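Step one of this worksheet: look at the structure below.
No hydrogens, no waters, no symmetry mates; every other heavy atom, side chains included, goes into these values. Computed from a predicted model, the values in this text were never measured in an experiment.
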Number of protein chains: 2
Amino acid sequence: MATVTIRDVAKRAGVGIGTVSRVLNDSPLVSDETRQRVQQAIEALDYSPSSVARRLSRGRSMAIAVIAPFFVRRSYIERLRGIENVLAASGYDLILYNVETIARRDACLQSLPRGERLDGLLVLSLAPTDSEVNRLLRSDVPTVLVDAFHEALPTITVDDVAGARTAVQHLIDLGHERIAYIGENLDDNPFNFQPMIDRYRGYRDALAAADIPFRPQYHCQGKYGWREAHRMAQSLFALDEPPTAIFAYSDTLAFGVLEAAQHSALSVPSQLSVIGFDDVEIAQYFQLTTVRQPLYESGARGAELLLEQIDSDAGRPVQHVVLPTELVVRRTTAPPAESLL
Amino acid sequence: MATVTIRDVAKRAGVGIGTVSRVLNDSPLVSDETRQRVQQAIEALDYSPSSVARRLSRGRSMAIAVIAPFFVRRSYIERLRGIENVLAASGYDLILYNVETIARRDACLQSLPRGERLDGLLVLSLAPTDSEVNRLLRSDVPTVLVDAFHEALPTITVDDVAGARTAVQHLIDLGHERIAYIGENLDDNPFNFQPMIDRYRGYRDALAAADIPFRPQYHCQGKYGWREAHRMAQSLFALDEPPTAIFAYSDTLAFGVLEAAQHSALSVPSQLSVIGFDDVEIAQYFQLTTVRQPLYESGARGAELLLEQIDSDAGRPVQHVVLPTELVVRRTTAPPAESLL
DNA sequence: AAGTGAATTGAAACCGGTTCCATTATGAAG
DNA sequence: CTTCATAATGGAACCGGTTTCAATTCACTT
């Protein structure tokens, strides 16, 4: 099936190609009569314009790339959903770049703003280095960071420090003092995830604010995943003075803790309080107390910010949007068993 | 920053644009000396070719669209992961079209093969109608269906009937006869999901093969989601003769059943056996007996099939790949409590 | 020395749109 | 009856690459 081009349509309608183009773009500079004739020709030939050609001549690609380590965490998918919903309405294509290794991360951040002519770039959860940011700025591709921060770029973040502080404060308010933290290895953060650092900071801050001394043995670090969290929780239970409450870096890790508790016949929340972070969908299923962060919204807002950025091609002041977190109290937290006389 | 074009490079290197193009495409028809000079000019100008222009002149868009109702089921994301991994290595861009309403489904299937010049199309879990398939065939855009079937297009599917049969057979082998099925509303299937029909069929087939009469009250239909499954399970428990085993359409629904059992103080598996379908990640966490289907692989195979299709632009016989399922026995199934004398 | 062929090269033509500019038709104003 | 603005239109130029084709160079035959 030979491709029908705008010239075929023009010939068939007996008009010039410019006129056809005007009809396609709803220009007012076409008489109704001519417009009809062109429309008929278009239908008769089953013509549809080539987006690639249109992109070339317009100098815009009508495509936005989203780069993220999508499949490693459930929460990124929810963010992607927010992005997709906003972009779908905008007419821009969403090109997905998944990043699972640091090598690919670097390759993407290097090559994306170069080879591809993108109209915009959304970087999710990956904190670019200064030199990468410079490259992005020079390349003139509007970029927005979601769940990552850099001074020079517009960002959408969540106040992880405050969220974590709230979580721990909730435990303190219930009367807990022996509060452990289960998270990822802070020294092994190749993707430079900021929340890893911030939530730990919130934990420390809350303890300090309540004059509860930090006990290193209550700080567990390990690889990400509920299996590993299970293991870490068990090592906490084995301590001489085990914690009465555990704050987990994420809901996923909290599930590992819950499982470990069940395994060790510790009843939650009477013998052990557990609190997570994220409020992913199944958290409700488990009745997990957690800190909700607006995942969907962070993506949606990021996409909106990017679209604004693209439209107002002028260099406006970079915005840093910080979304709030919210404590969601369910059934895995309660006052500690022993009264604290 | 004015865009650097191939002509700028040519001028700077003192050669023709054709030569620059040849260097870019690793053509052997360039002398080493010239090649070096061009390379230097490219670096000096920080030039990178416009992919859009390249696409236009080559007549290929180097883009593959993936269309699916991604965010309604966990399992689609896993399939997407398989697709992404294969495509990432291929050099094709992955353009994501999410479909959450039937209106958007129709709009996508109509417009995608038209306006956009795609090199390929992957349709996930959406069964196109005959007229849509005709349109696709006429449009010359290679298309592969994953988790959906149509005679005229290459497909990757799972034998849902057999999988369901295996699941129910497993329950029968354990000695169950009062086996209920919890699934979606069969009469309300706007997206035309084939597995909904097939798994129910497998359930019926297995019962029939074992000469166990089908009891309509054991067939629960409702909206998708564990909450609804919870409700349906409770209505089953309230029957005069409640089932001793429940086969759930998916793991997600099975979780709802497990929760309902816990809620009603029914112990699993001694008083109630539960089996799911999919083997999503958390199924292992719950020790759920289920039927594993190769989600990741189905996406990967689909993408591979599509790439083959694109390369061998000739019309080869359409392939229909059927992937096997596998029974994964964990801890939610056991022989029924009452002995069946 | 003229002829052959391979290697290398420059530039025109092309991909399929958009946009700008020149041209014509039309109607109102002077 | 000009004069001029305005609406409508055709088509060239352009976007930035690839590809084709003709031209040039140079070594090697005969």
Give the rounded distance in Å between these two atoms: [atom1] of [X] and [atom2] of [N].
| X | N | atom1 | atom2 | answer |
| --- | --- | --- | --- | --- |
| A:Arg35 | D:dA7 | CZ | P | 15 Å |
| A:Arg60 | C:dG17 | CZ | C1' | 16 Å |
| A:Leu24 | C:dG16 | CG | C1' | 11 Å |
| B:Arg55 | C:dG16 | CZ | P | 16 Å |
| A:Arg54 | C:dC15 | CZ | C1' | 16 Å |
| A:Leu29 | D:dG10 | CG | P | 13 Å |
| A:Met62 | C:dT18 | CE | P | 12 Å |
| A:Ile17 | D:dT9 | CD1 | C1' | 12 Å |

Kindly determine whether A:Arg135 and B:Asp46 satisfy side chain to side chain contact (heavy atoms under 4.5 Å, CB included), including the steps that lead there. CA-CA 11 Å; A:Arg135 169 160 232 118; B:Asp46 195 27; 4.2 Å; yes
Can you find a donor-acceptor pair, distance only, under 3.5 Å between [X] side chain and [N] base?
| X | N | value |
| --- | --- | --- |
| B:Arg22 | C:dG10 | yes |
| A:Arg58 | C:dG16 | no |
| B:Arg7 | D:dG16 | yes |

On DNA chain C, nearest-nucleotide positions of B:Ala53 versus B:Glu33: which is more 5'? B:Glu33
Closest-nucleotide ordering on DNA chain C, the 5'-leading residue of B:Gly16 and B:Leu56: B:Gly16
Between B:Thr155 (side chain) and B:Glu151 (backbone), is there a donor-acceptor pair under 3.5 Å? no
From [options], nucleotide with atom closest to [X] side chain:
| X | options | answer |
| --- | --- | --- |
| B:Val30 | D:dT18, C:dT9, C:dG17 | C:dT9 |
| B:Ser57 | D:dT9, C:dC15, C:dT18 | C:dC15 |
| B:Ser21 | D:dT18, C:dT9, D:dG17 | D:dT18 |

Is the closest side-chain heavy-atom distance between A:Ile77 and A:Phe71 below 4.5 Å?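 In contact.
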